[in-house]
2 protein chains.
Amino acid sequence: MAKKKTSIKDIAKALGISITTVSFILNGKAREKRISEELTKKVEAYIQQIGYKPSHLAQSLRLGKSKVIVFMVEDISNNFFASIARLIEEKAYKNGYKIIYCSTDNQPEKAKELIATFKMRNVDGFIITPTPDLESTILELLDEGLAVVLFDRWIPEIDCSYVVVENEISAFEATKHLIQQGGCKNIGFITVESNQTQMLERLKGFLKAVEGSDVEHTIFKVKFHAIAEQEASKSILEFFKSHDKLDGIFFSTNYLAFEGLQALSRLKKKIQKEIKVVSFDDHYFFNLYQPQISAIEQPLELIAEKLMESILLQLDESNQGRKFQQITLPNMLHVRQSSEISD
Amino acid sequence: MAKKKTSIKDIAKALGISITTVSFILNGKAREKRISEELTKKVEAYIQQIGYKPSHLAQSLRLGKSKVIVFMVEDISNNFFASIARLIEEKAYKNGYKIIYCSTDNQPEKAKELIATFKMRNVDGFIITPTPDLESTILELLDEGLAVVLFDRWIPEIDCSYVVVENEISAFEATKHLIQQGGCKNIGFITVESNQTQMLERLKGFLKAVEGSDVEHTIFKVKFHAIAEQEASKSILEFFKSHDKLDGIFFSTNYLAFEGLQALSRLKKKIQKEIKVVSFDDHYFFNLYQPQISAIEQPLELIAEKLMESILLQLDESNQGRKFQQITLPNMLHVRQSSEISD
DNA sequence: AATTGAAGCTAAAAGGATTTATCAAAAATA
DNA sequence: TATTTTTGATAAATCCTTTTAGCTTCAATT
């Protein structure tokens, strides 16, 4: 088995020419390096015939570029991240890059360790949803000339590329919608206890909308351990029990909404009739659920596109000068039954 | 920026010894190669101090192993595959392997192209959900000594490792359940038009259960283009309209069920009261839906575990001889409201 | 005839590791 | 004392490319 791969050396030997010549031809430098057209054709034909492909490993070693991008997210099995993974995949392959994924679980130590292992693998770039406490590590990456793009959340202290969405504005608008179209007078905002920028921005948008009005509001932050131990539902249930005056709920992300929906159904609360609901991060099921749940959709394709555009820009050797892009994309509120006046 | 990485050469020079010695010590061969304890300690201390890590690229080139496993699935954004991705990730990293993912969309050409690109990247192994028409490509991989494990579906013609689940038995049991506990007399089986082994096995199990009884049944295969173009829901709706006598439905996979649920809700069919429902591939949402949907859960953790076990076995150099494992795991039927007698 | 220039191709270094074969000095044996 | 063994370390080949610097040969110029 395992017949050993043919190398550029074998080709040179077979044709009785030098390795250098073959390499030049392979890299399309035949003209530039004045290799005769005749020889060029002959070599190309031979390469074609035996189906030779250069070793990426050797190329990487020589060139110091591995053509690998790391996609480091909080949890690759999460629908949002998996969808982005799917979308960046094609663009990466089209540009000759491969993608290695990994999940941090939002744990700084894990993220740092992963980054360290990848660095010694000579990867070229990182697409990252940063965990807390990651500034110095990311600064190091940038310092070493690696391509970095943050997404979903970002780090205010660091000047680098990122792709995020208009969290504050969208949360503001969705809250306004709950008030104006939904007629809510007492809204609960359910979020996670964490300092992730995207969550803080959503909260900020909510507060802005609610504070300018005569609407009452309550903020509930689900404890981190509750999410980890899948007790979020119970925790949210307790919250609802002790706040039965609420006539509107804003979930800061879809997995909280899922837990919340379960809690509401257990309490026999009638969504839409008794309580309006809207969630950040649209999901297939929001359409399927009865009643359908209003939600803010992030522009996945656009995010993926911008992510790749941004990282490829940094990886592009020919391009010099400032390469950082800071992109904030608009979302789209899907108004469904859960936040409309019931008839 | 980008201060160049220190190499083993630098270490040798700094300590005034040879590269060979450093390499031996790095690889824990100091004793075997009779390097004095004194020197060994000195070198180790220095390595520790400057935080040197060997270049994986150079190692890979030299050793012909890249420590990379390809995870090639139908669609990485699919919840099932993304979950497996998440689970194998840790085990891979723990064993020094990295995982590159890619999606085939079940297209043979795409799969072949991807495999070709990865081969020239010197990856060590493949975890694959095979598309149709992939026998020869996979045989080539095996022939070249690469580690291969198929999962989800397999290729009967090829003798190699795979990890699948008891599709037929579980489908049989779930159908029996519909008949016996659900009291169904006329069951529809909704599946995709495809020859994927797992789908055929599920159908087989269904037929076996239904043919031994006096229960009527109808098979409906959603056309491939309908799924691709997101017209599955419409197509299923039509099916339901033309088969309004059905009192039970078996969905061969969860995404068909989601579409089917939408169709049923549009038809105002009361699940549980008028029609029992069960689906293959359990999903978080089945618990959340009202009524909760009965479903067959695949043992994700176990699948992931066996996948890694099986591929690591093949990658293990020390182990020789037969290395193929053919594993079939049992599923678990979660009986929920949708298939129970309504009270 | 001597010099210059271009055309066409190649030797060899570099990139960072592993490993085989070898060597010098010290210790053990005859 | 002469010979063999052991100890401790290393030079150099190898993995497969890319790329710099250089080497012929032949034609053109002075």
Side-chain angles (χ1 to χ4, degrees), chain A residues 2-44 47 50 52-67 96 119-124 317, chain B residues 2-44 47 50-67 96 119-124 145 317:
Chain A
K3 50 198 167 201
K4 77 169 183 302
K5 290 194 50 168
T6 54
S7 74
I8 202 171
K9 197 173 171 181
D10 303 320
I11 296 174
K13 203 183 293 172
L15 296 177
I17 57 177
S18 83
I19 291 178
T20 313
T21 308
V22 180
S23 176
F24 283 152
I25 293 172
L26 275 167
N27 295 344
K29 297 190 179 168
R31 171 135 291 147
E32 175 191 345
K33 297 294 179 177
R34 296 194 301 270
I35 308 296
S36 68
E37 208 158 312
E38 189 192 344
L39 184 55
T40 305
K41 286 222 172 107
K42 184 172 150 196
V43 173
E44 278 171 347
I47 286 167
I50 64 166
Y52 164 82
K53 299 275 179 226
S55 151
H56 265 256
L57 270 178
Q59 285 180 329
S60 298
L61 178 60
R62 178 63 235 239
L63 301 176
K65 306 269 154 221
S66 61
K67 289 274 182 181
K119 274 208 291 195
M120 79 174 131
R121 285 239 174 198
N122 293 75
V123 303
D124 296 340
E317 308 255 76
Chain B
K3 51 199 166 200
K4 77 169 182 300
K5 289 194 50 167
T6 53
S7 74
I8 199 171
K9 198 172 170 183
D10 302 321
I11 296 175
K13 202 182 295 171
L15 296 177
I17 58 176
S18 82
I19 291 178
T20 314
T21 308
V22 180
S23 176
F24 284 152
I25 293 172
L26 275 168
N27 296 342
K29 296 189 180 168
R31 171 135 291 147
E32 175 192 345
K33 296 293 181 179
R34 295 194 300 270
I35 308 297
S36 69
E37 208 157 312
E38 189 193 342
L39 185 55
T40 305
K41 286 222 171 107
K42 183 172 150 198
V43 173
E44 279 170 347
I47 286 166
I50 64 166
Y52 165 81
K53 300 276 180 226
S55 151
H56 266 257
L57 269 179
Q59 289 185 142
S60 298
L61 177 61
R62 177 65 235 246
L63 301 176
K65 307 269 156 220
S66 62
K67 288 276 184 178
K119 275 210 290 199
M120 79 173 130
R121 284 240 176 197
N122 293 74
V123 303
D124 297 339
E317 308 255 76

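Residue numbering restarts at 1 for every chain, and letters A, B, ... go by the order of the sequence lines.
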Q.
At less than 4.0 Å, is any side-chain N or O atom of B:Ser23 found next to OP1 or OP2 of C:dA17? Yes or no.
A. no
Q: Among the candidates D:dA9, D:dT17, C:dC9, find the nucleotide nearest to the side-chain atoms of B:Ile35.
A: D:dA9
(Q) Just the rounded figure in Å: distance from P of D:dC15 to CZ of B:Arg121. (A) 22 Å
Q: Identify whether any heavy atom of B:Ser7 sits under 4.0 Å from a base atom; if not, whether one sits that close to sugar-phosphate; answer base, sugar-phosphate or nothing.
A: sugar-phosphate
(Q) Rounded to whole Å, please give me the gap between CG in B:Leu57 and C1' in D:dC16. (A) 12 Å
Q: On DNA chain D, check which nucleotide each of A:Thr20 and B:Ile17 is closest to and give me the residue with the more 5' one.
A: B:Ile17
Q: Taking all heavy atoms of B:Asp10 and all of B:Lys5, pick out the closest pair and write down the distance.
A: OD2-O, 4.0 Å
Q: Quickly work out the B:Arg31 CZ to D:dG8 P distance and round it to whole Å.
A: 11 Å
In a table with atom names and distances, give each donor-acceptor pair under 3.5 Å that connects a side chain of residues 26-36 of chain B to protein atoms at least two apart or in another chain.
unit_1	atom_1	unit_2	atom_2	d
B:Arg31	NH2	B:Glu37	OE1	3.4
B:Ser36	OG	B:Leu39	N	3.3

Q) So do the side chains of B:Ile11 and B:Thr6 get within less than 4.5 Å of each other, counting heavy atoms only? A) no
Q. How long is the line joining CD1 of B:Ile8 and P of C:dT19, in whole Å?
A. 11 Å
(Q) Applying a 4.0 Å non-hydrogen cut-off, can you work out what B:Thr21 is touching in the nucleic acid: base, sugar-phosphate, or nothing? (A) base
Q. Under 3.5 Å, is there a donor-acceptor pair between the side chain of B:Asp124 and the main chain of B:Lys67?
A. yes
Q | Contacting residues from residues 59-67 of chain A, given that a heavy atom lies under 4.0 angstrom of DNA chain D | A | A:Gln59, A:Arg62, A:Leu63
Q | Atom pair distance, as rounded to whole Å: CD1 in B:Ile19 and C1' in C:dT19 | A | 13 Å
Q) Once you round it to whole Å, what is the distance between P of D:dA12 and NZ of B:Lys9? A) 14 Å
Mind listing the side-chain donor-acceptor pairs of residues 52-65 of chain A below 3.5 Å, one per line with the distance, residues two or more places apart or on another chain?
unit_1	atom_1	unit_2	atom_2	d
A:Ser55	OG	A:Leu57	N	3.2
A:Ser55	OG	A:Ala58	N	3.0
A:Ser60	OG	A:His56	O	2.8
A:Ser60	OG	A:Lys65	O	3.1

(Q) Does C:dT18 have its OP1 or OP2 closer than 4.0 Å to a side-chain nitrogen or oxygen of B:Lys29? (A) no
Q | Separation of atom CD1 in A:Ile25 from atom P in D:dT18, rounded to whole Å | A | 12 Å
Q | Heavy-atom closest contact (A:Ser18 atom, A:Ala12 atom, distance) | A | C-CB, 3.8 Å
Q: Give B:Leu39 one of three labels, base, sugar-phosphate or nothing, depending on what nucleic acid heavy atoms sit under 4.0 Å from its own.
A: sugar-phosphate
(Q) Please report the distance, rounded to the nearest Å, between CG in A:Asn27 and P in D:dC16. (A) 17 Å
Q. Between C:dA7, C:dG16, C:dT19, which nucleotide gets closest to the side-chain atoms of B:Tyr52?
A. C:dG16
(Q) Just by distance, no angles: are the side chains of A:Thr20 and A:Ser23 close enough, under 3.5 Å, to form a donor-acceptor pair? (A) no
Q. Contact class for B:Ser55 (heavy atom, under 4.0 Å): base, sugar-phosphate, or nothing?
A. sugar-phosphate
